[in-house]
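To keep things clear, I will list the structure first and then write my remarks on it.
Both backbone and side-chain heavy atoms feed into the values below; hydrogens, waters and symmetry mates do not. Throughout, a chain's letter reflects where its sequence line sits, starting with A, and its residues are numbered from 1.
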2 protein chains.
Amino acid sequence: MQANGRFTTAIHICIFMQIKGDEKLISSQVLADSVKTNPVVIRRIVARLRDNDIIGSVAGAKGGFFLKRPASQISLWDIYQAVRETDLFYKPKKINPECVVSMNLSELVDGVYSEAELAMKSALAPVKVSDLSARLNKITDLKKSDFC
Amino acid sequence: MQANGRFTTAIHICIFMQIKGDEKLISSQVLADSVKTNPVVIRRIVARLRDNDIIGSVAGAKGGFFLKRPASQISLWDIYQAVRETDLFYKPKKINPECVVSMNLSELVDGVYSEAELAMKSALAPVKVSDLSARLNKITDLKKSDFC
DNA sequence: CTTATTGTAACTCTTTTTGTTACAATAAAA
DNA sequence: TTTTATTGTAACAAAAAGAGTTACAATAAG
């Protein structure tokens, strides 16, 4: 899996919670079953979403998670920012002080890399969790009962 | 280093070759010194650029690499495509057949992920290796002699 | 022939990510 | 108040991806 496995899983979590978590707390175990992973992996991703005010949590028996905002106000860009660890592109740390190219490379690519990231933002920001849920509904004509 | 270390290094190589490799072959050893890595690492990246008609090579003594096209016709998008291994975003391989969200997630994110990639292309494609070299020239007022 | 170089395989080392175990903290419920 | 279900997190193991290294056949210049 790549650095962005978290991103796709976080989207999964948010869609799941919109559909299934309406007025109800969802546990990390239920999410883990849906995603086919370990509850701790879920809690780690949720921790990042919690830090970014996307998800809230309740401890103790019958505790769990809930969406902290309407799904229509959670964009894929919000999620991407919450769960990403490293920069989109790598900037070199080993610099050869005797080479003008090496010395200036970071500065040279800096502008373009920022542009690329902004471009990505412009693609991800307009898409909300609710848009994906709506499309899922359209695809599957789903009833709340008929999924895990 | 991340998955995209290759990308930045490949840009480094191309800029270096435009400035220093004018009418001259550049060896993997010289590039490795500039990048502060091993010649084999360079040859591996160059192999990808070669497969994409960005760089050509000559074997044997006094052999080396050369830009196969004018630097003004090599975009960062060309380089990105040449050296990238995995998709920009991860699509899940473990699918839970009992969960509608899991079952349809790939299809749900597919469109947005493509849009994000296209957005990135629109940022990277207009920038050519020659643009970066030109800016390097402006920054450093470089003479061919004064770098490694 | 000798030498310098690419191309590539095979392997190790390092870093990143994911998975797992364990347990304190918490709150519901009996 | 004890039991139970749950989050939060630390610590560690396993897996995957990358980068670095060694080795060597193939090639071409001199």
Original post:
Thinking salt bridges, do R48(A) and E85(A) make one under a 4.0 Å N-O criterion?
Top reply: yes
**OP:** Starting from C1' on dT7(D), measure out to CD on Q29(A) and report it in whole angstrom.
**Re:** 13 Å
Subject >> Nucleotide of dA29(D), dG8(D), dG20(D) approaching K62(B) most closely (side-chain heavy atoms) >> reply: dA29(D)
**OP:** Give the rounded distance in Å between these two atoms: CG of D87(A) and C1' of dT16(C).
**Re:** 15 Å
Original post:
With sugar-phosphate meaning primed atoms plus P, OP1 and OP2, does K94(B) contact a base, only sugar-phosphate, or nothing at under 4.0 Å between heavy atoms?
Top reply: sugar-phosphate
Original post:
Among dT9(D), dT22(D), dT17(C), which is the nearest nucleotide to the side chain of V40(B)?
Top reply: dT22(D)
**OP:** Pick base, sugar-phosphate or nothing for V46(A), based on heavy-atom distances below 4.0 Å to the nucleic acid.
**Re:** nothing
**OP:** Find which nucleotide of DNA chain C each of V41(A) and A47(B) is nearest to by heavy atoms, and output the residue with the more 5' nucleotide.
**Re:** A47(B)
**OP:** State which of dT9(D), dT22(D), dT6(C) makes the closest approach to the side chain of S28(B).
**Re:** dT6(C)
Subject >> Rounded distance (Å) that lies between atom C1' of dT16(C) and atom OH of Y90(A) >> reply: 14 Å
Original post:
Rounding to a whole Å, what distance do you find between R43(A):CZ and dT18(C):P?
Top reply: 17 Å
**OP:** Using a 4.0 Å heavy-atom cut-off across all strands, classify G60(A) as base, sugar-phosphate, or nothing.
**Re:** base
Original post:
Counting only side-chain N and O atoms of S57(A), is one of them less than 4.0 Å from OP1 or OP2 of dG8(D)?
Top reply: yes
Original post:
Counting only distance, no hydrogens or angles, is the base of dG20(D) paired donor-acceptor with the side chain of R44(B) under 3.5 Å?
Top reply: yes
**OP:** Give the rounded distance in Å between these two atoms: CG of D33(A) and P of dG19(C).
**Re:** 13 Å
Subject >> Euclidean distance, atom CG of residue N38(B) to atom P of dT12(C) [Å, nearest integer] >> reply: 17 Å
Original post:
Which residue, A61(B) or F65(B), contacts DNA chain C at a nucleotide closer to its 5' end, judged by nearest heavy atom?
Top reply: A61(B)
**OP:** Would you sort out whether Y113(A) and T8(B) count as a side chain to side chain donor-acceptor pair (under 3.5 Å), showing the intermediate values?
**Re:** CA-CA 10 Å; Y113(A) 284 5; T8(B) 305; 2.8 Å; yes
Original post:
Within the pair S27(A) and dT6(D), is there a side-chain N or O less than 4.0 Å away from OP1 or OP2?
Top reply: no
Original post:
Any idea which heavy atoms bring M17(A) and F66(A) closest together, and the distance?
Top reply: CE-C, 3.7 Å
Subject >> Separation of atom CD1 in I26(A) from atom C1' in dT6(D), rounded to whole Å >> reply: 14 Å
Original post:
Do S34(A) and H12(A) meet the criterion of a side-chain donor-acceptor pair at a distance under 3.5 Å?
Top reply: yes
**OP:** Check the distance between dT7(D)'s P and F66(A)'s CZ and give it to me in whole angstrom.
**Re:** 12 Å
Original post:
Is it true that atom NZ of K62(A) has more than 12 heavy atoms of other residues, nucleotides or ligands lying nearer than 6.0 Å?
Top reply: no
